[in-house]
Amino acid sequence: MMSRAERTPLTDWWWTVDRGLLAGLCALMVAGLVFLMGGGPPVAEKIGLPTFHFLNRQALYLAPTLLIIVAVSFLSLRHIRRVALGTWLLGVALCILAGKFGPEIKGAHRWIQFGPFGLQPSEFVKPAFVVVAAWAFSEGAQRRDMPGGFLAILLLPVTIVPLVLQPDFGQTMLITIVWCALFFVAGLHWFWVAGLGVAGLLGVGVAYKFLYHVRERIDRFMNTDSGDNFQGFWAHESFNAGGWFGVGPGEGLAKRHLPDAHTDFLFSVVGEEFGVLVCLGLVTLFAYLVMRGLKLARRTDDTFSRLAITGLVTLFGMQASINMAVNVQLMPAKGMTLPFVSYGGSSMLSLALGMGFLVALTRKRPRTTTLSQKPPGTAPATVAGVMR
């Protein structure tokens, strides 16, 4: 047990970090390993890999994932902004390169190969974009000479155009939703919220008309009697077979028909083998992390921290919601993983970066430390050393 009397960087970190967030994230990672024991083997055997290939790889990814979360959580607000800006610039550049030179996988160019290691740069763009957009919004709110609102608006097309060209409509939609949430929290009038909603619907209509894979997925989702919705059918069957209590770990049958049972449709495997009650428990865990983050955002006095925390938990919660909605047939397939539960190296490491930002932003800091990192011209603190 660490004593408050010890003044080391590690003990200072332990007593200022939000341990509820850390416990929830660790619980998700452990749950992911347990659930992947059921969803991973059939897919591995089908493509000629060792039975526990995906489970072993996921376990290996946990070490750098935890290291990134802890390392990033030590950053100050100023360094969080710098790391996010650098990651966003590099990520957008790699997205452009992936769209032009990346290998084609399932009709899209989303990956960059570094020898045997594949990287999906759009995954790293998401948390970095949230922090950079929050930075722009906060600067515009605090400084009249800073066109922060204009820069925040400009950030969106610069980020999503390379994703549309890959094409990656799912990530584009997710980033746009989070950006709209940030815009609203930053003080956008309801009139503009409605306008953004209409623009979003128009964007979906344009994507349906001009992007073949988007039109194909929506048509398959809407026309359930066509017989083409193979994944949707087996995802639905998995919940029917599992019922409330499941058929037992490793006893599921639907996972042998789902091609992405270890990634996009792992939630369906959980429903069949562990039952609806465990699925509800997983939903509750995600809800706890989102509500915990929003509660901490409400407590902070720093505009940048409040916007960034809100954006990061919205990103985290929306990605989880979209994945689970696809599994229960409320949305067309999006190719989006369940955070820290589904298999995926790029997904795990990018989520670690985002949650590292979140843990760093929610740490208790002396008010003087927070205010000293605000731009010039803001009012000085009247009470020093008060913990927020």
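In this chain, numbering begins with 1 at the start of the sequence shown. Scope of the values below: all heavy atoms of this structure, side chains included, with no hydrogens, waters or symmetry mates. In this text the structure is predicted, and so the values were computed from the model without any measurement.
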Between the CG atom in L94 and the CG atom in L89, the distance rounded to the nearest 0.5 Å is 11.0 Å
dist R363:CZ -> L21:CG (nearest 0.5 Å) comes out at 13.0 Å
- Item | Cluster link L315 to L156, ILVMFWY, side chain under 4.5 Å | yes
Q.
So does L163 get a backbone contact from the side chain of D168, meaning a donor-acceptor N/O pair under 3.5 Å?
A. no
Original post:
Ignoring hydrogens and geometry, is there a side-chain-to-backbone donor-acceptor pair from W179 to A152 under 3.5 Å?
Top reply: yes
Q.
Apply side-chain contact (heavy atoms from CB on, under 4.5 Å) to residues F267 and C279 and explain how you reach the verdict.
A. CA-CA 7 Å; F267 190 66; C279 289; 3.6 Å; yes
Scanning both residues in full, the closest heavy-atom pair of M37 with L55 reads CG-CD2, 3.5 Å
**Item:** Verdict with supporting geometry, Q171 and E123, side-chain contact (heavy atoms from CB on, under 4.5 Å)
**Value:** CA-CA 8 Å; Q171 303 286 18; E123 292 285 352; 3.2 Å; yes
Contacts of R57 meeting salt bridge (Lys or Arg N to Asp or Glu O under 4.0 Å) (sequence neighbours excluded), chain-then-number -> none
- Task: Taking the side chain as every heavy atom from C-beta outward, state whether L62 and M348 have any atom pair closer than 4.5 Å.
- Result: yes
Nearest heavy-atom contact between A136 and L151 is CB-CB, 4.3 Å
Taking N327 for the side chain and S268 for the main chain, is one N or O donor matched with an acceptor at less than 3.5 Å? yes
Linked, directly or transitively: L266 and L280 (ILVMFWY side chains, under 4.5 Å)
no
So CZ of F304 and CD1 of I309: to nearest 0.5 Å the spacing works out to 9.0 Å
Looking only at heavy atoms, the pair that brings S350 and P127 closest together is O-CG, 3.8 Å
Side chain to side chain, M336 and V326, heavy atoms closer than 4.5 Å: no
On a heavy-atom basis, the closest approach of V125 and G91 is CG2-C, 3.4 Å
For side-chain contact (heavy atoms from CB on, under 4.5 Å), just list the numbers for L28 and L289, CA-CA rounded to whole Å, side-chain angles, deciding distance to a tenth of an Å, and then say yes or no.
CA-CA 10 Å; L28 277 181; L289 288 168; 3.6 Å; yes
#### Entry: Cluster link V30 to V270, ILVMFWY, side chain under 4.5 Å
no
Discussion item. Any non-hydrogen side-chain atom of K126 less than 4.5 Å from a side-chain atom of Q319?
Written reply: yes
Those residues at least two apart in sequence (or on a different chain) that pass side chain to side chain donor-acceptor pair (under 3.5 Å) with S73 are W13
* Have W111 and S346 got a donor and an acceptor in their side chains that come within less than 3.5 Å? -> no
Rounding to 0.5 Å, atoms CG (L338) and CG (L351) come to a distance of 9.5 Å
(request) Would you check if the distance from the ring center of F316 to the ring center of F286 is below 6.0 Å? (result) yes
- request: Taking the side chain as every heavy atom from C-beta outward, state whether I80 and W135 have any pair of such atoms under 4.5 Å apart.
  value: no
Q) Judged by modelled atom types alone, do S347 and Q120 share a side-chain donor-acceptor pair under 3.5 Å? A) no
Give a yes or no on whether the backbone of T263 and the side-chain of S342 come within a donor-acceptor separation of less than 3.5 Å. yes
Residue pairs passing the salt bridge (charged side-chain N to carboxylate O under 4.0 Å, His left out) test with at least one member in residues 270-284, sequence neighbours excluded, are K255-E273
Can you tell me if D18 uses its side chain to pair, donor with acceptor, with the backbone of V359 under 3.5 Å?
no
In this structure, CE of M331 is separated from CG of N323 (nearest 0.5 Å) by 10.5 Å
Quiz item: Transitively linked via ILVMFWY side-chain contacts under 4.5 Å: W244 with L282?
Solution: no
Do L66 and L75 belong to the same hydrophobic cluster, where Ile, Leu, Val, Met, Phe, Trp and Tyr are linked whenever their side-chain heavy atoms lie under 4.5 Å apart, directly or via other members?
yes
Tightest non-hydrogen contact, residues G40 and F54, listed as O-CD1, 3.7 Å
#### Entry: Step-by-step ring pair (Phe, Tyr, Trp, His ring centres under 6.0 Å) determination, F183 to F137
CA-CA 8 Å; F183 211 159; F137 279 125; 5.3 Å; yes
CG of N56 to CG of L33, rounded to nearest 0.5 Å, is 10.0 Å
Go through F357 and V130 one step at a time and tell me if the side-chain contact (heavy atoms from CB on, under 4.5 Å) criterion holds.
-> CA-CA 10 Å; F357 286 149; V130 169; over 6 Å; no
Minimal heavy-atom distance between G38 and V269, with the atoms involved, is C-CG1, 4.2 Å
(message) Any side-chain to backbone donor/acceptor pair from K46 onto R256? Under 3.5 Å, distance only.
(response) yes
- request: Would you check if F129 and V92 make a side-chain contact, meaning some heavy-atom pair closer than 4.5 Å?
  value: no
- [ ] For the pair Y61 and Y343, name the ring-plane relationship: parallel under 30°, tilted 30 to 60°, perpendicular over 60°.
- [x] tilted
* Cut-off 3.5 Å, side chains only: do T300 and R306 have a donor facing an acceptor? -> no
> Mind checking whether W88 and V158 have side chains closer than 4.5 Å, heavy atoms only?
Replying inline: yes
Side chain to side chain contact (heavy atoms under 4.5 Å, CB included) with T159: of L154, T172, V132, I175, only one passes, and it is I175
